Amino acid sequence: SEDDIVVMGVTELTPKGLLRRVTGVSQGGLTIQTTQASLEQAIEEGEISYQHTLLPGDTTNTLRKPGVSNGYEPSLFDFNIPLDNVVLFDQDGNTETQYDQLIANGSIEFNYDLDLDLDISGFHLNRFLFKNTFTEQSDITVQYQAGGYINGSETIWVNYFSPISILPPLSPIPIIIVPSLEISISYSGTPWVMEANFVHNAELSPGIEYENNSWNNISSQHGLLQSE
């Protein structure tokens with residue numbers, strides 16, 4: 001009936017789960033119309049404090065530019081992505097001419113952790129926190145010979161992870177997270193004949209938080225960038 005909540009877990013037809021509110025029912029009840037439902041509409045009481053470390057084995061699919069590894073190379077970090085002559089920019093679009101290409105070599109290594117805190121009582125959201133934490137080390141050398149102003153950003157690696165299903169205590173409704181991660185390299189400047197090395201060590205923690213009836217982006221960053 002109208003205003004009922006329809007819930008379904010991860011299946012081939014619902015790879016990200018399903019949480020819908022019924023807005024209409026056809027005559028005879030053979031079809032229903034729905035709209036997206038909120039957690040507050042579906043969960044009366046629930047509290048979660050959840051931490052998870054994502055690993056290469058959690059991957060379902062990886063997209064990457066030529067010269068970029070899949071991220072599974074042995075390393076002190078969980079993910080290690082070697083770069084072997086990766087073209088970030090090509091002035092004339094001709095892959096046969098390399099003098100006008102911005103080329104990157106090196107590696108990007110990192111660990112990736114998720115944090116989720118949730119508190120719902122009486123169908124009311126009291127607190128929500130979702131945070132990504134990256135501990136990262138990069139060592140990249142870039143080469144460029146053509147000169148002139150260049151500016152842009154190139155996505156070199158996109159990773160899709162398996163869905164994570166979390167069942168709050170006292171609730172029959174799972175919360176499903178489907179993580180994905182994209183790595184891009186941005187560049188801007190007026191180099192001439194150039195070869196430069198950049199070493200970056202950082203901890204990044206972007207996320208979103210709801211508390212005291214207010215949504216806020218949260219972010220912290222600690223790191224060191226060295227270049228030569």
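Quick caveat: nothing in here was measured; it's all calculated off a predicted structure.
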State, to 0.1 Å, how close [X] and [Y] come at their nearest heavy-atom pair, and which atoms those are.
{"X": "I173", "Y": "P168", "answer": "O-CD, 3.2 Å"}
{"X": "V142", "Y": "F198", "answer": "CG2-CE1, 3.7 Å"}
{"X": "Q221", "Y": "L204", "answer": "CG-CD2, 3.2 Å"}
{"X": "P179", "Y": "L114", "answer": "CG-CD1, 4.0 Å"}
{"X": "S153", "Y": "S186", "answer": "OG-OG, 3.2 Å"}
{"X": "L30", "Y": "S26", "answer": "N-OG, 3.3 Å"}

What I want to check is whether the side chains of [X] and [Y] have a donor and an acceptor closer together than 3.5 Å.
{"X": "D92", "Y": "T97", "result": "yes"}
{"X": "T23", "Y": "T35", "result": "no"}
{"X": "H200", "Y": "E136", "result": "yes"}
{"X": "T141", "Y": "N105", "result": "no"}
{"X": "E209", "Y": "N216", "result": "no"}
{"X": "D113", "Y": "N132", "result": "no"}
{"X": "T14", "Y": "T11", "result": "yes"}
{"X": "S188", "Y": "N151", "result": "yes"}

#### Entry: Centroid separation F79 to F110 less than 6.0 Å
yes
### Task
Take K16 and I176 through the test side chain to side chain contact (heavy atoms under 4.5 Å, CB included) and record every step on the way to the result.
CA-CA 7 Å; K16 297 182 180 180; I176 297 168; 5.5 Å; no
Hey, what do you get for [atom1] ([X]) to [atom2] ([Y]), rounding to the nearest 0.5 Å?
{"X": "Q33", "Y": "E2", "atom1": "CD", "atom2": "CD", "answer": "9.0 Å"}
{"X": "L88", "Y": "Q101", "atom1": "CG", "atom2": "CD", "answer": "10.0 Å"}
{"X": "Q137", "Y": "N80", "atom1": "CD", "atom2": "CG", "answer": "9.5 Å"}
{"X": "R127", "Y": "E211", "atom1": "CZ", "atom2": "CD", "answer": "4.5 Å"}
{"X": "I43", "Y": "Q41", "atom1": "CD1", "atom2": "CD", "answer": "11.5 Å"}
{"X": "S107", "Y": "D139", "atom1": "OG", "atom2": "CG", "answer": "5.5 Å"}

Contact between [X] and [Y] at the side-chain level, heavy atoms closer than 4.5 Å - yes or no?
{"X": "Y144", "Y": "F89", "result": "yes"}
{"X": "I175", "Y": "Y50", "result": "no"}
{"X": "I5", "Y": "V7", "result": "yes"}
{"X": "H52", "Y": "D58", "result": "yes"}

### Task
Please lay out, stage by stage, how I48 and I166 fare under the test side chain to side chain contact (heavy atoms under 4.5 Å, CB included).
CA-CA 8 Å; I48 296 173; I166 309 165; 4.0 Å; yes
Decide whether [X] and [Y] are clustered together by the hydrophobic rule: side chain heavy atoms of Ile, Leu, Val, Met, Phe, Trp, Tyr closer than 4.5 Å, transitively.
{"X": "F161", "Y": "I108", "result": "yes"}
{"X": "L54", "Y": "V158", "result": "no"}
{"X": "V86", "Y": "L102", "result": "yes"}
{"X": "V199", "Y": "L83", "result": "no"}
{"X": "I156", "Y": "I140", "result": "yes"}

### Message
Walk me through whether F128 and I208 qualify under side chain to side chain contact (heavy atoms under 4.5 Å, CB included).
### Response
CA-CA 8 Å; F128 178 87; I208 189 169; 4.1 Å; yes
### K65 NZ: over 12 foreign heavy atoms closer than 6.0 Å
yes
### Message
Check this for me: L225, atom CG, are more than 12 non-hydrogen atoms of other residues, nucleotides or ligands nearer than 6.0 Å?
### Response
yes
### Task
Decide yes or no on side chain to side chain contact (heavy atoms under 4.5 Å, CB included) for L181 and F134, but give the supporting numbers first.
CA-CA 11 Å; L181 181 60; F134 302 94; 3.6 Å; yes
### Task
Could you check T59 against N159 for side-chain hydrogen bond (donor to acceptor under 3.5 Å, both in side chains), going step by step and ending with a plain yes or no?
CA-CA 7 Å; T59 298; N159 208 63; 2.9 Å; yes
### Task
Check which hydrophobic residues are tied to I218 through side-chain heavy-atom contacts below 4.5 Å, counting indirect links as well, and list them.
L129
### Query
V6: which other cluster members, linking ILVMFWY side chains closer than 4.5 Å, directly or transitively?
M8, L18, V22, V25, I32
Quick one: side chains of residues 115-125, donor-acceptor pairs under 3.5 Å with protein atoms, not counting sequence neighbours, listed by atom name and distance.
{"residue": "D117", "atom": "OD1", "partner": "S49", "partner atom": "OG", "Å": "3.0"}
{"residue": "S121", "atom": "OG", "partner": "N126", "partner atom": "ND2", "Å": "2.8"}

### Message
Salt bridge or not between R21 and D3? Use side-chain N to carboxylate O under 4.0 Å.
### Response
yes
### Query
Step by step, would you call T60 with S162 a side-chain hydrogen bond (donor to acceptor under 3.5 Å, both in side chains)?
CA-CA 6 Å; T60 59; S162 301; 5.4 Å; no
